[in-house]
Participant: 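Here you go, one structure.
Proteins come first, then strands; the chains are lettered A, B, ... in the order of their sequence lines, and each starts at number 1.
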There are 2 protein chains.
Amino acid sequence: MSFLDRIAECNAHDLAHFRPFVVGGTKVGWVTPARAARLARFGAVFDVRDDAVELDPGLATFDSRSAALARVVAELAAERAITGVRDEFYPVTTAWEAPPLAKIERAAVPHFGLRAWGIHMTGFVRGPGGIAIWVPRRARDRPTYPGELDNTVAGGQAFGLGFVENLVKECAEEASIPEALARRAVAVGCISYCVETADGLKPDMQICFDLELPPDFTPASEDGEHESFELWPAAKAMERVATTRDFKFNCNLVLIDFFVRHGLISPDEPGYAEICRGLRR
Amino acid sequence: MSFLDRIAECNAHDLAHFRPFVVGGTKVGWVTPARAARLARFGAVFDVRDDAVELDPGLATFDSRSAALARVVAELAAERAITGVRDEFYPVTTAWEAPPLAKIERAAVPHFGLRAWGIHMTGFVRGPGGIAIWVPRRARDRPTYPGELDNTVAGGQAFGLGFVENLVKECAEEASIPEALARRAVAVGCISYCVETADGLKPDMQICFDLELPPDFTPASEDGEHESFELWPAAKAMERVATTRDFKFNCNLVLIDFFVRHGLISPDEPGYAEICRGLRR
């Protein structure tokens, strides 16, 4: 059952390659030794030790920590150690509902191995042949994951926005789904994973939504993030997820969770329980 | 959010109270020191050490291990150290799809801290007021969990049966659901937990099913396991799960998973991600 391969790919990491990143006394992320050495050159902003990298404990407030991190990120971006800065901020925290310790530029989140949150929605249609799923392809000119297949709607979760409000916003921008229709989306759980990438560690959590779309509705990109949308029979999506890496890595988990919840994988298939548990690490 | 209390109760255990139980070179369970001391009196059947209890490695086959365990269980049952023997066998294994190392009487499974599998189904109706759930109450004369609220259909997974076949069988026995209707049930994932009980450790895995029932169908017990069935608005079930221990302990997790998958809990509620992850340990 190669769904387990996709799950394993999203969880390929070795924490021995990283040191904990501590903010306000809490371990919130993971930094490589090479990045830690670079951070040491910011003087008092970081206490860089062999066992951890700690943001100056003297920075005791959300605002002072956020300002210090912003100065660091600006300098790292100027050196191209961080790319893709877009002035969108993520919270620095271990639990979404906890008061964040700081905010940080989205593009810097993996650099510090911070947890990112996001929303991923599967738009689908029920027909006589069963369930069909709307599958977009990311535009070739995108800086991240160009040309890869994607979930119908997906987006990072910026600081200060609710998950449902973010979904409604992304539905409009990414798929031209009107608000009244987007609000019919059903939150169905979450997937989580932890993967080591060239940008750093990504111990992320994605809130999943299902939206049954009317048969006569065709999604279309408003913001140019996707070049096309195709309606695929569920069996085609299952085969593609199981046998290829055509989908953006974490979209595979969202689709596998969809397949599980809609009874498209038999519990008598070998590996069923391992798949269910593997979707949330 | 007290759904997290129910999840914590299903995961209350301390492995420091147990020693690994090893069969065929594989850690398959957990035994208390008191039970280990009793097992030492079976002579060569067990190698009882401070760090583990091992079934005699000389027992190299499924049949020889199963026969040795059956003799032990019979003696422990005669001493009332194991109660409720019903000549129903569970596999001794760590993964359902792996060839089992042995089989063992169901009533002895927690004694050795072996993983048990089962199936739990939520029968529900969609009406103008939203989703309503069929909730049975266990008969007061049952040996296990008398008088507690239960999932619509639930049963342990005996050796050699498929999950779907078991569900169909239990649907008939526990709720008088005809086979054609039972086969419409949708497998929707699994929940797992690990709880320490007076009978031993229960590191169990339950396969979950949803079945949308016709509005004119009323479940009824065939086998006397339940004294009554009531159709509850989902909100009533949510309130009862969140604020009481009226449901059999693991049924709470199956219902919380149902609430999550059907969008009955907002992702903007504090603890949402922790709930989703807590359902599979």
Side-chain angles (χ1 to χ4, degrees), chain A residues 1 4 93-99 115 117-121 131 157 161-167 183-193 204-212 256-281, chain B residues 1 4 93-99 115 117-121 131 157 161-167 183-193 204-212 256-281:
Chain A
M1 170 76 68
L4 288 171
T93 181
T94 52
W96 181 260
E97 56 270 15
R115 164 158 289 175
W117 278 260
I119 49 103
H120 283 243
M121 191 191 83
I131 285 175
Q157 187 67 28
L161 198 63
F163 291 114
V164 173
E165 291 312 307
N166 192 23
L167 179 79
R183 289 199 182 276
R184 286 191 221 160
V186 177
V188 291
C190 61
I191 57 112
S192 57
Y193 52 85
D204 296 350
M205 170 80 68
Q206 310 291 346
I207 309 291
C208 303
F209 293 81
D210 281 2
L211 176 58
E212 184 170 349
I256 295 168
D257 180 62
F258 183 93
F259 304 149
V260 167
R261 288 183 295 97
H262 288 271
L264 298 170
I265 305 176
S266 166
D268 291 311
E269 286 265 357
Y272 185 79
E274 204 181 339
I275 290 170
C276 295
R277 295 213 296 176
L279 295 171
R280 295 147 201 102
R281 290 279 169 87
Chain B
M1 170 76 67
L4 288 171
T93 181
T94 52
W96 182 259
E97 56 271 15
R115 166 159 288 176
W117 278 262
I119 49 104
H120 283 243
M121 190 191 84
I131 285 175
Q157 186 68 29
L161 198 64
F163 291 114
V164 173
E165 291 313 308
N166 192 22
L167 179 78
R183 289 200 181 275
R184 286 191 219 159
V186 177
V188 291
C190 61
I191 56 114
S192 56
Y193 53 85
D204 296 349
M205 170 81 68
Q206 310 290 346
I207 309 292
C208 302
F209 293 81
D210 281 1
L211 177 58
E212 185 172 348
I256 295 168
D257 180 61
F258 183 93
F259 304 149
V260 167
R261 288 184 295 95
H262 288 272
L264 299 171
I265 305 177
S266 166
D268 291 311
E269 286 264 359
Y272 185 79
E274 203 181 338
I275 290 169
C276 296
R277 296 213 297 175
L279 295 172
R280 295 147 201 99
R281 289 280 168 85

Participant: Highest number of heavy-atom pairs under 4.5 Å with chain A: which of V260(B), D268(B), I207(B)?
Facilitator: D268(B)
Participant: With only heavy atoms counted, which part of F259(A) is less than 4.5 Å from chain B, the side chain, the backbone, both or neither?
Facilitator: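 Neither the backbone nor the side chain of F259(A) comes within 4.5 Å of chain B.
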Participant: Would you compute the distance between atom SG of C276(B) and atom CZ of R280(A) and round it to the nearest 0.5 angstrom?
Facilitator: 7.0 Å
Participant: What's the shortest heavy-atom distance between R281(B) and R277(A), and which atoms?
Facilitator: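 Residues R281(B) and R277(A), closest heavy atoms: O-NH1, 2.7 Å.
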Participant: Which of the residues S266(A), A95(A), C190(A) is involved in the greatest number of heavy-atom pairs with chain B at under 4.5 angstrom?
Facilitator: C190(A)
Participant: In terms of heavy-atom proximity below 4.5 Å to chain B, should A273(A) be classed as side chain, backbone, both, or neither?
Facilitator: both
Participant: How far apart are the closest heavy atoms of F163(B) and P267(A), and which atoms are they?
Facilitator: CD1-O, 3.4 Å
Participant: With sequence neighbours excluded, tell me which residues meet ring-ring contact (aromatic ring centres under 6.0 Å, His included) with F258(B).
Facilitator: F124(B), H262(B)
